[in-house]
Novice: 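One structure is given below, represented as structure tokens, and several questions about it will come after.
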Amino acid sequence: MRNGSGLRGWRAIAAVAAASIGLGGGAALGEGWPTVPEETFAALGVAADAPANVLYEALAARFYDQAKGYGEGQFSALWEPIAFSRYLNPALYEGREELGFQVTAEECVTCHETVTPGWVHAASRSVHADLAALRSLPADDPRAYKVAHLDEVEANLRSMGLLDAGEALAEVGCIDCHMGVGVTEGNHKTDLRLPDAAVCGQCHVRQFAERESERDTQTWPQEQWPAGRPSHALSMLANYETAIWAGMAEREVAEGCTMCHTTQVTCNQCHTRHEFSAAQARRPEMCANCHNGVDHNEFENYMMSRHGLIYQTNGDRWDWEAPLSEAFAAAGYNAPTCQTCHMSVNGEYSHNLVQKVRWGFNPMPSIAENLDHSWFQERKDLWVATCTQCHSPSFATSYLDMLDKGTVQGIGLVQQADAVVKGLYADGLLIGQAANRPAPPAPDADAAGGFFGLFWTAGNNPTAVEHEYAQMWEQELMRHFKGLAHVNPGGFTYSYGWSELIGSLARIRDEDTRLREARALVERVEALEKAGGGN
Amino acid sequence: MRNGSGLRGWRAIAAVAAASIGLGGGAALGEGWPTVPEETFAALGVAADAPANVLYEALAARFYDQAKGYGEGQFSALWEPIAFSRYLNPALYEGREELGFQVTAEECVTCHETVTPGWVHAASRSVHADLAALRSLPADDPRAYKVAHLDEVEANLRSMGLLDAGEALAEVGCIDCHMGVGVTEGNHKTDLRLPDAAVCGQCHVRQFAERESERDTQTWPQEQWPAGRPSHALSMLANYETAIWAGMAEREVAEGCTMCHTTQVTCNQCHTRHEFSAAQARRPEMCANCHNGVDHNEFENYMMSRHGLIYQTNGDRWDWEAPLSEAFAAAGYNAPTCQTCHMSVNGEYSHNLVQKVRWGFNPMPSIAENLDHSWFQERKDLWVATCTQCHSPSFATSYLDMLDKGTVQGIGLVQQADAVVKGLYADGLLIGQAANRPAPPAPDADAAGGFFGLFWTAGNNPTAVEHEYAQMWEQELMRHFKGLAHVNPGGFTYSYGWSELIGSLARIRDEDTRLREARALVERVEALEKAGGGN
Amino acid sequence: MRNGSGLRGWRAIAAVAAASIGLGGGAALGEGWPTVPEETFAALGVAADAPANVLYEALAARFYDQAKGYGEGQFSALWEPIAFSRYLNPALYEGREELGFQVTAEECVTCHETVTPGWVHAASRSVHADLAALRSLPADDPRAYKVAHLDEVEANLRSMGLLDAGEALAEVGCIDCHMGVGVTEGNHKTDLRLPDAAVCGQCHVRQFAERESERDTQTWPQEQWPAGRPSHALSMLANYETAIWAGMAEREVAEGCTMCHTTQVTCNQCHTRHEFSAAQARRPEMCANCHNGVDHNEFENYMMSRHGLIYQTNGDRWDWEAPLSEAFAAAGYNAPTCQTCHMSVNGEYSHNLVQKVRWGFNPMPSIAENLDHSWFQERKDLWVATCTQCHSPSFATSYLDMLDKGTVQGIGLVQQADAVVKGLYADGLLIGQAANRPAPPAPDADAAGGFFGLFWTAGNNPTAVEHEYAQMWEQELMRHFKGLAHVNPGGFTYSYGWSELIGSLARIRDEDTRLREARALVERVEALEKAGGGN
């Protein structure tokens with residue numbers, strides 16, 4: 001369903017000699033792709049020093065492959081997109097229905113200055129708008145590192161035949177992203193596209209490869225999660241294939257979920273339109289776009305941790321324009337951000353954010369029981385390396401141990417509740433279980449305390465005790481773990497996490513006893529009725 | 001009860017020739033009042049190009065009219081102000097009980113520099129403190145637009161006979177607001193007043209007219225709300241006439257409500273004392289003074305929306321001194337604020353913030369059923385115009401549709417719960433309903449799941465299930481709508497809104513089944529007792 | 001168990017004539033200790049003008065006295081530290097187990113630049129790193145007041161024989177804090193220590209005395225709290241002697257509590273490593289390290305109060321480098337911070353933050369009933385003095401009255417619930433009370449609605465209704481009071497506090513009626529069974 005516009009050649013407004021850069025069409029700047037994990041080359045069947053065009057084509061082909069997660073997923077027959085859905089996923093964007101006139105690159109700007117001025121104002125402040133200004137940055141400017149990025153982009157485009165050897169880019173205009181790189185004019189109805197990550201990736205091949213590599217490094221040794229998940233790179237698939245999402249009738253509410261799951265398909269969850277500021281993407285608040293709330297309150301935990309509070313008090317003096325590799329040195333950070341910890345592996349930064357994931361999005365027994373497996377141990381070692389930028393190894397190790405054990409303790413509470421709720425279900429004792437328990441909509445199926453019960457209800461499904469239990473395993477345990485992981489004491493002791501789990505378990509046991517006592521009393525009355533006859 | 005001090009003539013410390021301004025006593029700068037809606041002129045019976053003094057007198061007369069909302073409202077016999085109440089409403093301020101000495105304008109400063117230095121320090125940093133400095137701003141200063149504001153203020157005062165043609169204002173001192181414009185001395189006990197909005201409005205006639213116009217444009221076609229409400233302009237009346245507010249015995253707790261409802265009577269909820277900074281009033285946090293919390297969490301939703309997160313990461317680079325009309329251009333905003341959306345109508349900014357209100361403060365069936373009425377459609381079109389500053393019309397329209405439908409879906413859950421709770425009440429099945437259900441204090445009356453139950457309890461009123469239902473309709477549904485309206489996905493899917501409503505509805509149904517089963521069992525026991533006799 | 005390293009003499013890298021300072025070993029700069037309360041001198045048995053070395057030795061002796069709160073408290077036999085515990089309390093730190101080589105002061109830096117670069121980068125930005133730069137600050141620099149602090153530090157060290165009369169400090173290096181003041185080399189295993197407050201206090205005697213004085217001024221006239229508590233100065237003892245903390249099996253979760261209770265033993269909860277920035281410590285967010293969450297949400301209340309919202313909008317223009325005494329004048333604050341209110345007594349600032357405490361951490365009847373006692377009245381007067389920096393005395397007094405009465409109203413709701421829950425317990429009616437109610441772990445003992453039930457559960461202890469009640473008295477009432485105390489209307493009306501208490505009380509009464517009706521029905525069935533025989 002996506003707009004079929006392909007590559008159209010690059011618009012090189014300024015042609016300057018690029019001899020001093022001296023790059024052919026090979027690997028980016030002749031260095032291979034050191035920040036792209038080897039798993040990705042293996043998965044793509046591409047050499048680790050493949051030229052940019054070869055790497056890009058392989059990545060884009062997989063990106064657009066419906067068998068590998070593109071499109072609407074296995075439950076697509078069960079739901080219909082709403083009008084707004086097309087803005088959340090370029091795969092659903094079929095082009096405009098109107099305005100079928102021809103426009104030039106210049107007309108984009110002149111017309112939209114009036115029609116949607118916010119776009120033009122924001123874009124005019126972006127690096128894209130004036131690459132000559134970027135090239136002229138003095139070497140001591142914190143943004144000077146971007147000159148090498150630009151060289152790399154130009155090398156990428158040359159490898160694709162989209163830029164001549166003697167050409168240099170002058171700017172990236174609306175049309176380059178919205179109609180095709182280098183396009184000078186097109187039809188406003190049929191040629192227009194919503195840019196997706198593969199559009200960004202054509203210039204930014206390395207970054208595209210890094211982000212796509214999440215599919216390849218997220219390999220759970222005991223299959224705790226599906227291959228490549230949870231990750232940003234397959235987040236939209238995860239959304240579409242969540243049973244209750246696909247099954248629920250209220251598509252407008254469901255699209256709220258989709259609004260965060262766009263990281264698979266676009267880059268602008270973090271690099272917001274139309275400034276695409278890297279400095280902005282380094283701020284913890286950008287992660288909060290998605291990582292907040294009842295079942296993954298990473299942002300709240302970070303902000304209330306010592307780390308986050310130092311950010312809140314000192315962050316205005318840190319140099320956000322500097323690259324992450326300078327964070328604790330020239331940029332002056334004296335506390336980590338989401339980005340410094342989650343984008344780094346052994347001091348190397350990339351757009352693969354899941355290479356140190358251990359507990360994932362939901363602490364579960366199958367992880368707890370395998371923490372001594374090498375996959376988990378090696379990732380723990382990577383965390384120690386991260387923490388020891390600012391903490392001693394013994395400090396880091398002891399805290400990571402505390403994190404693991406505290407998480408396991410939380411799982412223990414959930415398992416106790418699980419046994420109670422499943423016992424009530426097995427015994428047919430849940431309120432209304434016999435008389436009034438409709439099944440959730442397909443593709444979901446009934447289950448005691450299932451995830452569906454947080455978003456759907458009918459009759460006595462879910463019961464109150466099941467809803468409580470669903471909150472335990474899906475929200476309170478998550479908050480407990482996330483509080484531990486982000487070193488926010490209140491997040492795993494009394495405000496969230498542990499104390500919440502205790503309260504829920506107490507209420508679930510209360511209800512268990514009450515329901516069983518109520519059943520016993522009913523049986524006594526039945527016995528009386530049988531004995532007494534005639535009533 | 002309010003202090004009776006009237007107008008006392010203007011203190012013109014510096015008298016300079018104002019010939020270059022060339023304004024007579026007519027309409028502000030001869031341009032009429034383009035930002036004041038025509039409904040207001042109609043309501044006041046004043047011409048749309050009335051001179052400032054005429055417009056002001058009509059506005060002030062209405063402002064002080066008890067028949068139109070001034071004072072303590074229809075339930076005033078039921079409650080007594082506490083000592084602190086006088087600081088929340090100048091209408092309750094009867095003057096000081098002590099310190100009855102004469103003071104001069106200069107003595108305000110010299111004495112309070114010692115007594116309450118915070119006042120003096122803050123005031124000294126305000127624009128009021130040095131109008132000459134304002135006049136000398138270079139034309140390219142972002143605050144230069146205020147010079148025209150000052151001209152307008154002087155024209156207003158001339159129209160009232162409070163400033164001579166040849167005079168210019170030099171400063172606004174304590175005494176001008178606290179005893180009367182232009183007053184040079186007065187009695188510290190009998191002449192002192194707490195300034196209200198009509199005091200500010202004497203200089204700032206246009207802004208006063210804009211804010212007062214909320215009474216006139218908030219006209220619900222199916223009378224979903226009382227005329228002119230909800231609005232800032234009648235917010236204190238709404239407070240005083242809320243039944244449980246008037247009836248509850250705990251006046252100190254009740255005054256917490258009043259603390260936000262002062263926008264009817266003063267301007268300093270947004271323009272805080274004594275800097276009265278417009279730059280500050282442009283910040284979203286100023287709206288959070290009131291617009292936060294369980295039943296109107298606009299601030300939380302904004303801050304966690306993409307819009308708010310961009311504000312949080314980029315806002316320190318935006319020029320807050322620039323007027324809102326420059327927000328997306330010279331001031332560099334690349335996301336909206338509360339102010340840019342809610343203070344604008346078709347690109348024109350004013351202090352009437354309710355001209356695009358559609359769902360108001362509580363989504364209800366009577367709105368849902370009338371969304372195709374022209375009143376709602378026209379306001380939706382105004383929203384599309386607002387959004388299309390930065391989004392395409394189809395994007396804006398499709399999201400506004402999603403907002404409406406998602407809100408209607410939330411209302412559906414509340415209606416299901418409503419039927420259950422009212423059914424239990426009708427059937428006399430609520431816990432303790434027969435034996436121990438005191439009525440709420442007058443002027444309130446008993447009702448199943450009434451608003452009063454969020455603030456008052458006695459005996460078994462409210463029951464747990466009613467309290468849950470009151471939270472649904474008054475808080476969860478509001479959060480659901482506000483999450484949708486402020487484009488915060490977690491606010492209407494899983495953290496707040498929908499998922500909360502689902503949980504509440506499930507618990508309410510659980511209780512419904514439990515109570516009905518309990519009643520059936522009691523009846524079976526009664527039958528056994530009757531059959532068995534003698535026990 | 002703590003590291004035994006004592007004082008080792010001072011490292012004076014630069015020796016310059018200090019004749020112009022002209023201080024001997026006597027009291028700091030010859031002025032005595034005006035910011036240290038007289039209670040402390042009385043408690044220590046030291047003269048109010050004692051020399052720095054005498055005062056310091058007395059303070060340090062008490063600080064390290066296990067009979068006065070040092071160490072692991074009376075329940076230490078019941079719990080074991082985990083590996084991470086040593087980083088929370090230097091008293092538990094027994095030295096490293098490895099790396100037993102000799103290191104010089106210079107080697108700290110050269111090695112840790114590689115091993116833990118964050119430490120070195122942060123320390124290099126601290127005032128400690130370059131005292132010459134501090135001395136050369138121009139008099140109009142907001143930090144110039146620190147030159148006198150440095151003079152004071154040097155005088156302190158001279159009084160202890162750690163600095164010669166002709167010497168001046170050039171820097172404070174890693175080794176000075178981690179091995180001993182003035183040490184030039186040591187063993188990395190046996191000499192290394194985690195600095196505690198007494199290490200900081202050796203140079204900063206006055207500040208150490210101020211913080212330690214909290215033990216002496218927190219003297220409750222009706223013994224509402226143990227002597228000296230609640231306070232920062234005995235916070236670790238309070239942690240270790242909380243029964244459920246000591247008794248619970250999950251030590252990793254328990255250590256989350258400890259993470260905030262470190263203020264007794266170190267200074268770096270507020271003065272964060274390794275910049276130790278005073279400017280940072282003046283920010284409200286630093287208090288949020290601990291003062292947030294379900295049972296002491298001071299930070300949330302402040303930030304949502306008018307005070308905090310002004311901070312959020314204007315704070316970036318305030319001069320955080322200026323001392324607190326300049327806050328409302330030169331530093332430009334136009335709203336208070338945590339620090340300006342809680343660190344000041346009659347305009348004098350110190351590190352004793354509890355001299356105006358009245359309601360403490362848990363509003364209770366024994367405080368409510370004694371508010372007219374002189375101890376409470378005098379502290380209220382001190383609050384009036386604080387508020388009148390920016391508010392009139394009548395405003396301040398009337399609000400403080402509202403605060404007290406509103407708090408008493410909240411206590412009233414808790415007392416009603418208390419009677420219900422204790423009545424159910426006394427009557428043996430709590431769910432599972434007879435059959436399945438294990439006691440909490442020692443040293444705790446069973447009680448209806450005890451604090452333990454927020455962190456521990458087994459069988460039917462606590463029941464749901466008890467958990468609700470524990471939340472009422474320990475969390476909701478606290479939030480209610482803290483909302484009032486920090487002038488956040490939503491914090492004590494509808495979002496937190498009052499409305500929460502109403503909901504909990506309603507649910508508790510609901511359950512009371514339900515349980516009593518259930519018992520009555522059981523009795524009726526029992527009577528039928530007895531009458532019917534044979535079943």
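By convention in this document, chain letters (A, B, ...) are assigned in the order of the sequence lines, proteins followed by strands, and residues within each chain are numbered from 1.
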Novice: In terms of heavy-atom proximity below 4.5 Å to chain A, should N289(C) be classed as side chain, backbone, both, or neither?
Specialist: both
Novice: What's the separation between atom NE2 in H112(C) and atom OG1 in T388(A), rounded to the nearest 0.5 Å?
Specialist: 11.5 Å
Novice: Determine, for R317(A) against E275(C), whether the closest basic-nitrogen to carboxylate-oxygen distance falls under 4.0 angstrom.
Specialist: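 Looking at R317(A) and E275(C), the cut-off is met.
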Novice: Take atom OH of Y496(C) as the centre, draw a 6.0 Å sphere, and report whether it contains more than 12 heavy atoms from other residues, nucleotides or ligands.
Specialist: no
Novice: Taking the side chain as C-beta and beyond, is there a heavy-atom pair between R524(A) and E526(C) under 4.5 Å?
Specialist: yes
Novice: Roughly how far, to the nearest 0.5 Å, is the CG atom of D401(A) from the CD1 atom of I82(C)?
Specialist: 8.5 Å
Novice: For V115(C), is it the side chain, the backbone, both or neither that has a heavy atom under 4.5 Å from a heavy atom of chain A?
Specialist: backbone
Novice: Side chain, backbone, both or neither: which part of E468(C) has an atom under 4.5 Å from a heavy atom of chain A?
Specialist: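 No part of it gets close to chain A.
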Novice: Find the distance between CD (E285(C)) and CE (M303(A)) and round it off to the nearest 0.5 Å.
Specialist: 8.5 Å
Novice: Which heavy atom of S398(A) sits nearest a heavy atom of F84(C), and at what distance?
Specialist: OG-CD1, 3.3 Å
Novice: Assess the residue pair D510(A) and E511(C) against the criterion (side-chain contact (heavy atoms from CB on, under 4.5 Å)); give the C-alpha distance rounded to whole Å, side-chain angles, the decisive distance to 0.1 Å, and a yes or no.
Specialist: CA-CA 12 Å; D510(A) 207 79; E511(C) 178 74 348; 4.3 Å; yes
Novice: Which atom names give the shortest non-hydrogen contact between R306(A) and N268(C), and what distance separates them?
Specialist: NH1-O, 2.9 Å
Novice: Find the distance between CG (N334(A)) and NE2 (H121(C)) and round it off to the nearest 0.5 Å.
Specialist: 11.5 Å
Novice: Sort R514(C) into side chain, backbone, both or neither according to what part of it lies under 4.5 angstrom from a heavy atom of chain A.
Specialist: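 Side chain only.
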Novice: Kindly give the heavy-atom pair with the smallest separation between A464(C) and R507(A), and that separation in Å.
Specialist: CB-CG, 3.6 Å
Novice: Can you tell which part of S394(A) gets under 4.5 Å to a heavy atom of chain C, answering side chain, backbone, both or neither?
Specialist: both
Novice: I would like to know whether H480(A) and V253(C) meet side-chain contact (heavy atoms from CB on, under 4.5 Å); could you show each step before the answer?
Specialist: CA-CA 10 Å; H480(A) 180 65; V253(C) 173; 3.9 Å; yes
Novice: What part of D295(C) gets closer than 4.5 Å to chain A, counting heavy atoms only: side chain, backbone, both or neither?
Specialist: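 For D295(C), backbone and side chain are both near chain A.
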Novice: Under a 4.5 Å cutoff for heavy-atom pairs, which residue among G503(A), A518(A), G406(A) has the most contacts with chain C?
Specialist: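 That would be G503(A).
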Novice: Quick check: under 4.5 Å, non-hydrogen atoms only, which of residues 482-495 of chain A neighbour chain C?
Specialist: V487(A), P489(A), F492(A), T493(A), Y494(A), S495(A)
Novice: Would you mind checking which part of W456(C) comes under 4.5 Å of any heavy atom in chain A, side chain (CB onward), backbone (N, CA, C, O), both or neither?
Specialist: backbone
Novice: Return yes when atom CD of E523(C) has more than 12 non-hydrogen atoms of other residues, nucleotides or ligands closer than 6.0 Å, and no otherwise.
Specialist: yes
Novice: Tell me, side chain or backbone of H261(C) under 4.5 Å from chain A's heavy atoms, or both, or neither?
Specialist: neither
Novice: Looking at T397(A), L505(A), I310(A), which one has more heavy-atom pairs under 4.5 Å with chain C than the rest?
Specialist: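 Option with the top pair count is I310(A).
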Novice: Which residue is it: Q280(C), R282(C), R283(C)? I am looking for the one with a side chain to side chain donor-acceptor pair (under 3.5 Å) to T313(A).
Specialist: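 It is Q280(C); the other options fail the test.
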Novice: Taking S499(A) for its side chain and L454(C) for its backbone only, find out whether a donor-acceptor pair lies under 3.5 Å.
Specialist: yes
Novice: What part of F455(C) lies closer than 4.5 angstrom to a heavy atom of chain A: side chain, backbone, both or neither?
Specialist: both
Novice: For L309(A), which atoms come within 4.5 Å of any heavy atom of chain C: side chain, backbone, both, or neither?
Specialist: both
Novice: Given side-chain contact (heavy atoms from CB on, under 4.5 Å), test H391(A) with Y87(C) step by step and report yes or no.
Specialist: CA-CA 11 Å; H391(A) 296 288; Y87(C) 296 104; over 6 Å; no
Novice: Would you mind telling me which of R273(C), E255(C), M286(C) has the largest number of heavy-atom pairs within less than 4.5 Å of chain A?
Specialist: M286(C)
Novice: To the nearest 0.5 Å, what is the distance between CG on N292(C) and CD on E300(A)?
Specialist: 12.0 Å
Novice: Select one option (side chain, backbone, both, neither) describing which atoms of R516(A) are under 4.5 Å from chain C's heavy atoms.
Specialist: neither
Novice: Is it the side chain or the backbone of E474(C) that comes within 4.5 Å of chain A heavy atoms, both, or neither?
Specialist: neither
Novice: Based on non-hydrogen pairs under 4.5 Å, which of Q471(C), E98(C), Q269(C), Q475(C) is most in contact with chain A?
Specialist: Q269(C)
Novice: Is it the side chain or the backbone of S392(A) that comes within 4.5 Å of chain C heavy atoms, both, or neither?
Specialist: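 Looking at S392(A), backbone and side chain both touch chain C.
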Novice: CD of Q409(A) to CE of M248(C): how many Å apart, nearest 0.5 Å?
Specialist: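 If we round to the nearest 0.5 Å, Q409(A):CD and M248(C):CE are 7.5 Å apart.
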Novice: Report which part of Y333(A) has an atom under 4.5 Å of a heavy atom belonging to chain C: side chain, backbone, both, or neither.
Specialist: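 Backbone of Y333(A) only, per the 4.5 Å heavy-atom cut-off to chain C.
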